[in-house]
Amino acid sequence: MAAVFSRSGLMTQPAQHLFSYYPYWAECFGTAPFLPMSREEMDVLGWDSCDVILVTGDAYVDHPSFGMAVLGRLLEAQGFRVGIIAQPDWNNPEEFKKLGKPNLYFGVTAGNMDSLINKYTADLKVRSDDAYTPHGEPGRRPERAVIVYSQKCRQVYKDVPVVIGGIEASLRRIAQYDYWSDQIRRSVLIDSGADVLLYGNAERALVELTHALAEGKTLDDLQNLRGTAIVRNATPAGWTEVDSTRIDWPGHIDQIPNPYEMKDTESMSCSTNNDGDDSDAADDIMPVKIVPMPLQRKADLDPDKTCIRLPSFEKVRNDSALYAHASRVLHQEANPYNARPLIQRHGHQEVWVNPPPIPLETDEMDSVFGFAYQRVPHPSYGDAKIPAYDMIRFSVNIMRGCFGGCTFCSITEHEGRIIQNRSQESILHELEEIRDKVPGFTGTISDLGGPTANMYRLHCKSETILKSCRRLSCVFPTICKNLETSHEHTTALYRAARKIPGIKRIAIASGLRYDLAVRDPEYVRELVTHHVGGLLKIAPEHTEENVLNKMMKPGMGTYDAFKKMFDKYSKEAGKEQYLVPYFIAAHPGSENKDMMNLALWLKRQKMRVDQVQTFYPSPMSLATAMYHSERDPLHRMSYKSDKIYIPRDLSQRRVQKAFLRYHDPKNWPLLREELKAMGRSDLIGNGPKALVPGEEDAMLRNSPRPGFAAKGAGKGGKPATKNKRPLRK
């Protein structure tokens, strides 16, 4: 049973095991072949109603890589009847009534992807397809799907609770910068009108909430449920608020006058008509105590009754420095073993964010991935191709979470920094399931990974340190000495997986954290010898130290060390293999001279990359806070702090992306103009040090060959891969 610790390090109540609840009475209906999407399917199952109806922006694929399938099967295992409304027509209220009225609540999600990232590119162009829709058809989900779906559910059944979750809701749990409207938006909990928001991997909160509602409790009885955000009128009595609503405090700080404290309880007593038997209620209420943030270490605070007050929505909307400060505080309160509740005022309402959920234990993870998934799309889709399913149907997720902390990525904000692992037995069993059940399997597993390829069973060596740690990354600026970096479990898993009859090849398609890999040469040898099919994806992201520091990524010395190891083991295996590096243009802090230096590095390495990415300001990430505020929330905020350069305009972003593809003739005119403006005309011409040819040289030379990825130590190349880089969540 997972233990819950207070900030003092003392064990408080344990986290209840996910499968220790007494099943709901409807377990007698057993397991459905597919969770029903119509009344006809409900009739076949003998259901007169659903206990929970899940509304999702994705097509329903009964596979553990699709969130609604996981949560639906989880609730089914708890005894509840769960129906799914997938990609409803949001303009037709009847679509939200087709399964009838749920007995407990509607569960609403935009799907596996944020609906706006799903629709728009980083340059705000509308995408031509939607990978989570049959035939890849675009336009099957609304923008801001969580808000739209929640309001429609409320419209058709006003008295039914609405519970929101998934990546879109999770990353909008407090006031957040919205790239698509270029403004600060309120918490999605406020805008959607939902009753409760579940953030992160929500299994624990979902199961506890559902059983509580089934027992007749109300949402008011579940105010302190981990992994949830709710709306409150005020901080509960008896709590202490750590005031973090400002940045520059004066040198001498006095205790803040408490606006909730009752100075004269005697004079405020209400007279009664029962001869004084009614005691003065004000004497029994502990007032809310307010402590300025700089004084919190000096105050004797009860860790179980302390919350942090963030700057209000109105303040962060009008002051970008306060927005960056709020982002910094939120990221420091991410460890489930020491995080405190956060409270942020929105007008007359308070958004209260409870601490993150306790990570699942291995046996709980095994059970979640071991449900009776059909591993195919719902039969109602017929022969329609769902691109996202085709991409993952032969892949296996072995873990959750990421302690890398890359500022441009939101995985940490959603799944947390503590790695949640499946057992080797569970993973091998899923490989056998794929072999035996999935149509079209030819013996190749497309991926054995997760958010990263090589964090499986890596962990902090000390539980005491883990409970108190507030580091934003376990691997930046250096790998923490308390981090277990041995890849022995991953290596053993690879070897065991290859022995399964019918498994001919296992590829590793998840991104590799090469700064960790170089700590374990045996793992690199195993990977390179058996699991690289010619190309291996890695992500240096940039070459310049000042930009890498803003990304919280390792320096290029680590890349060079890994490349040397990769080349060595490829040669030993008798294989011609290549690294496919990914880079980001227009990241906060990246100036044009940085991109020029990156382009020169690519040229020296004889790399011509075709798959490049422009920075995408996704909600809640630290890099997005940089983008909006022009400040670095990795450091303590001050109005006197230097601002950082932000390539914000579309023209700036195009120039930086053009540097990454310096070899493309379409980019030469733009790059010539920029290089001249930078005073680097020496890089224009036909010499060996030139980055782009001059106009006359360009007319004389033949069109260059198609782009190629790096080979070995940069002694040549081969045609570049056309693999599309998955979007960061």
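Residues take their numbers from the sequence shown, with the count starting at 1.
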* Main-chain N/O of Gly404 paired with Ser473 side-chain donor or acceptor, under 3.5 Å -> yes

* To do: Considering only NZ, NE, NH1 and NH2 on the basic side and carboxylate oxygens on the acidic side, decide whether Arg422 and Asp363 come within less than 4.0 Å.
  => no

* Apply salt bridge (charged side-chain N to carboxylate O under 4.0 Å, His left out) to Arg457 and list each qualifying residue two or more places apart in sequence or on a separate chain. => none

* Asked: Are the aromatic ring centres of Phe80 and His211 under 6.0 angstrom apart?
  -> yes

* With no hydrogens and no angle check, do the side chains of Ser38 and Glu41 hold a donor and an acceptor under 3.5 Å apart? -> yes

* Which residues satisfy the side chain to side chain donor-acceptor pair (under 3.5 Å) test with Asp51, sequence neighbours excluded? -> Arg81, Asn103

* To do: Determine yes or no for a side-chain-to-main-chain donor-acceptor pair under 3.5 angstrom, with Ser426 supplying the side chain and Ser423 the backbone.
  => no

* **Side-chain (Arg328) to main-chain (Pro633) donor-acceptor, under 3.5 angstrom** => yes

* Does Glu314 pair with Arg317 as a salt bridge, N-O distance under 4.0 Å? -> no

* Close side-chain approach of Arg172 to Met620, heavy-atom, < 4.5 Å -> no

* **Carboxylate-amine/guanidinium contact Glu241 Lys289, below 4.0 Å** => no

* Asked: Does Pro359 offer a backbone N or O that forms a donor-acceptor pair with the side chain of Arg400 under 3.5 Å?
  -> no

* **salt bridge (charged side-chain N to carboxylate O under 4.0 Å, His left out) involving Lys315 - partner list, sequence neighbours excluded** => none

* Residue pair Ile85 / Lys98, side-chain heavy-atom distance below 4.5 Å -> yes

* Candidates Val52, Thr228, Asn201, Leu71 - the one meeting side-chain contact (heavy atoms from CB on, under 4.5 Å) with Leu206 -> Leu71

* All salt bridge (charged side-chain N to carboxylate O under 4.0 Å, His left out) counterparts of Asp43, not counting sequence neighbours -> none

* Do NZ/NE/NH1/NH2 and the carboxylate oxygens of Arg345 and Glu350 come within less than 4.0 Å? -> yes

* Structure fact -> When Gln151, Arg186, Arg144 are each screened for side-chain hydrogen bond (donor to acceptor under 3.5 Å, both in side chains) with Asp191, the one that passes is Arg186

* Asked: Is a salt bridge present between Lys152 and Glu95, judged by a nitrogen-to-oxygen distance below 4.0 Å?
  -> no

* What's the spacing between Met365 CE and Glu203 CD if we round to 0.5 Å? -> 8.0 Å

* Between Phe403 and Arg417, is there a cation-pi geometry (under 6.0 Å to ring centre, at most 45° from the normal)? -> no

* Does a side chain donor of either Arg185 or Gln176 reach within less than 3.5 Å of an acceptor in the other side chain? -> no

* Asked: Looking only at side chains, do Asn118 and Ser115 share a donor and an acceptor under 3.5 Å apart?
  -> no

* Asked: Side chains of Val329 and Ile308: does their closest heavy-atom pair fall under 4.5 Å?
  -> yes

* Asked: Parallel, tilted or perpendicular: which describes the rings of Phe34 and Tyr60, with under 30° parallel and over 60° perpendicular?
  -> perpendicular

* Asked: Can you check whether Val396 reaches Asp447 side chain to side chain, under 4.5 Å on heavy atoms?
  -> no

* Structure fact -> Tyr323 meets the ring-ring contact (aromatic ring centres under 6.0 Å, His included) criterion, sequence neighbours left out, with His628

* Once you round to the nearest 0.5 Å, how far does NE2 of His331 lie from OG of Ser621? -> 7.0 Å

* Going by the angle between their ring planes, with limits at 30° and 60°, are Phe313 and His346 parallel, tilted or perpendicular? -> parallel

* Asked: Is there a side-chain contact between Cys50 and Phe106, using heavy atoms and a 4.5 Å cut-off?
  -> no

* To do: State which residues pass side chain to side chain donor-acceptor pair (under 3.5 Å) with Ser192; sequence neighbours excluded, sorted by chain then number.
  => none

* Establish, from distance only, whether the side-chain atoms of Thr245 and Asp243 form a donor-acceptor pair under 3.5 Å. => yes

* **Carboxylate-amine/guanidinium contact Asp130 Arg140, below 4.0 Å** => no

